[in-house]
Amino acid sequence: MKKILVVGSLNMDISVQVDEMPCAGETVLSKGHAFLPGGKGANQAFACAALGAPVMMLGCVGRDDYGDALIKSLTGAGVDCSLIARRADTATGMALITVNEKGENAITVIQGANGVVDKQYIDDNMDALTACDIVVVQLEIPMDTVIYTIQKAKALNKTVIVDPAPAPDYFPDILYGLIDILKPNEHELAKLAGIAQGDIRGGLRALQKKGAGAIIVTLGADGALICTEDGMCETIAGIETEVVDTTAAGDTFTAALAVMLSEGGTMREAVRFANKAASMAVTRRGAQPSIPTRSELRAAFPEI
Ligand code: RIB
């Protein structure tokens, strides 16, 4: 079975429910809150394991209770956490997630220990990079480290999947040719391409000119658009469902994509599987607690 390595962030999320998102200068009362395990990297590793793939995570937490809780959550799901660094000089990352009545969220990340995941740490863990088949990264650790990880992974001929979230201010063009699959949402695509949100075709053309390989644009309830290197594009319809909280839906999608590709599925099969997994994640609150297991997914979608 192919092995997946996720390199990225771990956060303790404070998930706060509100009727409507507060505007600048406004104070609103919450309807409830919870401390829940999250972080884009950790969510993706958790989802890979929940969906049945062998997965290891590289990242860093503090020597604190939140760090313990995050590692416990990942280990419980089956993620190999043996190389996650524990640092006494920094606190575990956190995220404040405000979720409105429609299930939309606004997220502020306090980077904490994610900010010390550096090139040296990647060098120290080259064995893990060598031993895996697919490397998955996102952008909540320092960009220098992301660049270095992608370069090292590609030099080792690994399949590189990049979820460019949060949307970066800076993403060097040299990376596009090293990434096998880039998975932006519409906002991230617009920011990467430097174009207005909504002009998806224009964004895809801009990134393909920079040397991008396959790009999968997630479209929320509308599903996802697959664009391959040869310029072929196909929309895979989303799955109608009742949305409670969209937190980690994108992470679940990325992970499911990696899992299905690791099992030898085609890109189309992988996106269909990812749509299904993400559609279940949005029906439940929180990040990791919302991620479906393979058997839950099979029960809901017997054809998979
Ligand atoms: O994608 C959702 C995640 O973004 C949350 O779990 C939060 O920690 C932030 O990283």
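Note that ligands are numbered from 1 as they come in the structure, with each ligand's atoms numbered from 1 the same way.
- Legend: residues meeting salt bridge (Lys or Arg N to Asp or Glu O under 4.0 Å) with Arg201, ordered by chain and number and at least two apart, are absent.
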Listing, residues 160-167 side-chain donor-acceptor contacts under 3.5 Å, not counting sequence neighbours, or none:
{"residue": "Asp163", "atom": "OD2", "partner": "Gln44", "partner atom": "NE2", "Å": "3.0"}
{"residue": "Asp163", "atom": "OD2", "partner": "Lys183", "partner atom": "NZ", "Å": "3.4"}
{"residue": "Asp163", "atom": "OD2", "partner": "Thr254", "partner atom": "OG1", "Å": "2.8"}

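- At a threshold of 4.5 Å between non-hydrogen side-chain atoms, the residues Val6 and Leu58 do not count as touching.
- Qualifying side-chain hydrogen bond (donor to acceptor under 3.5 Å, both in side chains) partners for Asp123, counting only residues two or more places apart in sequence or in other chains: Tyr148.
- Exactly one residue among Asn100, Thr98, Thr27 makes a side-chain contact (heavy atoms from CB on, under 4.5 Å) with Pro22. That residue is Thr98.
- Residues lining ligand 1 at a heavy-atom distance below 4.0 Å are given as Asn11, Asp13, Gly38, Gly39, Lys40, Asn43, Ala95, Ile97, Ile107, Glu140, Ala248, Asp251, Ala287, ordered by chain and residue number.
- For the atom pair CE of Met94 and CG of Leu70, the computed distance is 9.5 Å after rounding to the nearest 0.5 Å.
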